[in-house]
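Reading through the structure tokens given below for one structure.
Everything numeric in this text was worked out from a predicted model, so none of it was measured. Naming: A, B, ... by sequence-line order, numbering from 1 per chain. Quick note: numbers below take in every heavy atom, side chains included, and nothing from hydrogens, waters or symmetry partners.
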Amino acid sequence: MCGALRASDAGKQAVLMGWVNRRRDLGNLIFIDIRDRTGLTQVVFNKERNPGLHQKAGELRNEYVIAAIGAVKLREPNTINKNIGTGEVELIAEELRILNEAKQPQFLPGDTVLPNEELRLKYRYIDLRRDAMQYNIELRHKVAIAIRDYLSSQGFFEIETPFMTRSTPEGARDYLVPSRVQPGCFYALPQSPQLFKQILMISGFDKYFQIVRCFRDEDFRADRQAEFTQIDLEMSYPQPERVWEVVEGFLTAAFKAGGYQIKTPFLRMSYDEAMRLYGSDKPDMRVPPMTDVREAFTAENLATLGVNPNLPVMTIRIPKVGELSRKERDDIKPLFVSKGRAKLFEDFKRLEKSFPEAAAKIREKTGAQADDLILVVAGDGKPGEHKSAGGVKPEVKQHDHAVYTSAGLLRVALAQKYAAKHGAFVRGDFRFLWVTDFPMFEWDDEGKRWAAAHHPFTSPHDRDMEKLESDPFAVRALAYDVVLNGTELGSGSIRIHRQDIQRKIFHALGLTEEEARARFGFFLEALEYGTPPHGGIALGLDRIVMILAGADSLREVIPFPKTARAVDLMVDAPTPVSEAQLKELGIQVRRPKD
RNA sequence: GGGGACGUAGUUCAGUUGGUUAGAACGCUGCCCUGUCACGGCAGAGGCCGCGGGUUCGAGUCCCGUCGUCCCCGCCA
């Protein structure tokens, strides 16, 4: 292989096959770097030594595929290239075959500046030849193998589940696949193999896993693709701690495959605590938590500031940012997105001038150093908004959350903006965290109903069972997320294994008996035939590899990704289909323009 | 659904208050060059300024629309 030859190979004959990475034509002497996925080797063509061969080498162009045969020669000491593994040797060509010519590509794998992503995706086969992409794809392979090996060694079976399955109205939008033999009927591509893996527990495969593709028709981001890969697993009779142990085990193996040692067990934190300290259910632990400093202010202070005294007053602290100019402070403002009625005080110096005592308490409470950036996010004091004061009603909690999440989003945005200053975002610093005790339900404003926060098969805490009807907001679920540096890696829960409880949950979700049976009838029936307690989790493989690769986007670790509008630029999908195909499927397309 | 950034040579970019012939670097083509390794030197080719309207004596530049890519909010059980 092109990256394999070493000084010890000197004197041997070698055949190298690969791409022309670069040619350096010195006239009577031509150097060609030949490349494959293992690396580069310099091949030398000397006119004096072999005029015919030298002339042929002159015809070589970028990305031609060639075979070079010759003797491995130790380089003169002054011509050694320390930048490449094969730099001590070179191949003195004796024979050259052009296996295939290449058109001049739009960009070259060896280019130092990347073209824009549109071109990279359109000519993905060129892009994938780049070192960085070859590394990422190999890393992905190694991580997947490590996880398979680990789970297999722990007694888990990898079992496949269908891709063409049943559409369920809960959750994300489905990708649909029309049926030809049943016109007007559709399969759905799975958002996850959730129900199948639960049924595998009912079927007696008490430890299941699968590295499996999932599909969700939603809007996409740097960390969200239309199709993505999950490490899905489920086990019978587990406590949550048992699931966490398994996950910590395979993540240790996966990160080891990526060259990193990680520490277990991971930190644990309840959802409530995560919200209060980080304003997020996926806290990035690399920057300091926020602090509620409501107590530092007097009632008069808060009134003067126009701050609601019933809501939290959160400080964000970003270390070592130093003095900010007026303009830099102004640049912070657009980073703040108020959820509900939160407002931002971006000038702590001014607060300090007006309220020196409160400011001193804040400095003490947050442990802020002189060069730390401090910001305050509080609830807007609107008259007539305190009607729920005194009782912990859902509305109050919602307003609390608005302040927490507004502050939390700003905290993350600032941490990114000033990453160079606080220096806390070091490659290889992995802060894992279990976030536990998620709420069972969320209020769906659009549908005006309670919705499952995780999914409707998640088991509530035993102690909260009686609050299902009276106070749904207070019901905690046996649900947990594994979080790494502010990214949600995975999400799981202990499931409901009893039909009566499942029925109660559907009821709390406002589903009638008939609706529930129409949607999940097969599953409810399965629950009645002796279902062991079970639970599991699913982790995003793409995200794990992305973080290990130090990449900012899933597209860097997926060979053939889609754009934000779910288009594959290389194959140009999706496309319209012929009238005949539609007719066969019994489908008529209503075009938006008509 | 909403907000923001970008779109100029094959590529990455520059292009002043609207003004004459739209530039640079790399790449490409040809010639020269025997120790280069991001080789070097000389010469040359290469432009629907994303697309469609509009304002103007005059538009790469201003306005409206549209298409595409990226980032964020909503959404993602």
Side-chain angles (χ1 to χ4, degrees), chain A residues 21-34 40-49 54 58 61-63 73 75-84 86-87 90 92 103-108 110-123 126 168-174 191-192 194-195 214-226 228 334-339 405-406 409 412-413 416 438 440-442 444-447 450-458 477 479 488 491-493 505 509 519-520 538 540 552-553 555 562-565 567 569:
Chain A
N21 193 57
R22 201 162 241 125
R23 88 198 134 99
R24 292 176 291 280
D25 187 344
L26 274 62
N28 290 327
L29 194 59
I30 297 174
F31 298 99
I32 298 287
D33 287 339
I34 181 169
L40 296 174
T41 300
Q42 173 165 282
V43 184
V44 188
F45 298 87
N46 193 324
K47 188 171 188 180
E48 208 169 73
R49 194 185 282 255
H54 172 272
R61 294 295 180 267
N62 290 319
E63 299 306 303
K73 180 181 152 263
R75 294 201 199 182
E76 300 296 325
N78 58 322
T79 64
I80 286 173
N81 184 350
K82 294 191 197 80
N83 299 322
I84 57 174
T86 61
E90 59 195 0
I92 307 301
K103 278 170 68 176
Q104 176 59 35
Q106 311 272 352
F107 59 97
L108 293 170
D111 283 349
T112 40
V113 273
L114 280 180
N116 74 46
E117 202 160 355
E118 218 171 325
L119 264 187
R120 290 180 56 203
L121 291 175
K122 176 160 186 201
Y123 298 97
I126 307 291
T168 52
E170 293 277 332
R173 274 182 286 268
D174 288 322
Q191 296 168 27
S192 81
Q194 183 61 37
L195 292 177
C214 302
F215 308 85
R216 290 177 194 177
D217 184 7
E218 292 295 339
D219 288 340
F220 306 108
R221 296 282 161 70
D223 62 350
R224 284 172 10 198
Q225 279 273 314
F228 59 99
L335 296 177
F336 179 68
V337 182
S338 175
K339 310 268 168 192
T405 53
S406 301
L409 284 171
V412 170
Q416 273 159 9
F438 274 79
M440 185 74 193
F441 303 104
E442 278 167 356
D444 175 6
D445 237 9
E446 232 168 88
W450 290 101
H454 186 56
H455 57 60
F457 315 107
T458 301
E488 179 197 314
S491 192
S493 64
I505 298 299
L509 289 169
R519 292 176 188 185
F520 307 110
D552 293 322
S553 163
R555 296 184 299 273
K562 293 181 175 46
T563 69
R565 294 183 61 243
V567 170
L569 292 173

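Comparing B:A14 with B:C62, their P atoms are spaced 14 Å from each other, to the whole Å. Comparing the P positions of B:G54 and B:C70 gives a spacing of 32 Å, expressed to the nearest Å.
Counting any heavy atom pair closer than 4.0 Å across all strands shown, A:Glu48 reaches a base atom. A:Ala222 comes within 4.0 angstrom of the backbone, heavy atoms only, and of no base.
A donor atom on one side chain and an acceptor atom on the other are found under 3.5 Å apart for A:Arg24 and A:Gln42.
Judged by distance alone, with hydrogens and angles left aside, A:Asp219 brings a side-chain donor or acceptor within reach of the base of B:G74, the pair sitting under 3.5 Å. Under 3.5 Å, the side chain of A:Arg221 and the base of B:C70 form no donor-acceptor pair of N or O atoms. Counting distance only, with no hydrogens placed and no angle test, the side-chain atoms of A:Arg224 and the base atoms of B:C75 include a donor-acceptor pair under 3.5 Å. Donor-acceptor pairing under 3.5 Å, judged by distance alone, is absent between the side chain of A:Arg61 and the base of B:U29.
B:U69 and B:A5 make up a base pair, with Watson-Crick or G-U wobble contacts both under 3.5 Å. If you check B:C49 for Watson-Crick or wobble pairing at under 3.5 angstrom, you find it has no partner at all. Pairing of B:C75, defined by two Watson-Crick or G-U wobble distances under 3.5 Å, is not identified with any nucleotide.
The A:Glu90 side chain lies nearest to B:G35 when the options are B:G68, B:C76, B:G35. The nucleotide whose nearest atom lies closest to any side-chain atom of A:Thr112 is, among B:C76, B:G35, B:A38, B:A38. Side-chain proximity of A:Gln104 to B:U69, B:C37, B:C28: nearest is B:C28.
With respect to the salt-bridge test (charged N to carboxylate O, under 4.0 angstrom), the residues A:Arg173 and A:Glu218 qualify.
Residue A:Arg555 places at least one side-chain N or O under 4.0 Å from the OP1 or OP2 atom of B:C71. At least one side-chain nitrogen or oxygen of A:Arg24 sits closer than 4.0 Å to the OP1 or OP2 atom of B:C39. Within the 4.0 Å cut-off from OP1 or OP2 of B:G68, at least one side-chain nitrogen or oxygen of A:Arg565 is found. Residue A:Thr563 places at least one side-chain N or O under 4.0 Å from the OP1 or OP2 atom of B:U69.
Side-chain atoms of A:Glu90 never come within 3.5 Å of backbone atoms of A:Arg75 as a donor-acceptor pair (strictly under, hydrogens ignored).
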At under 4.0 Å between heavy atoms, which parts of nucleotides 2-12 of chain B does protein reach? Answer with one letter per nucleotide, 5' to 3': B base, S sugar-phosphate only, - none.
--------SSS

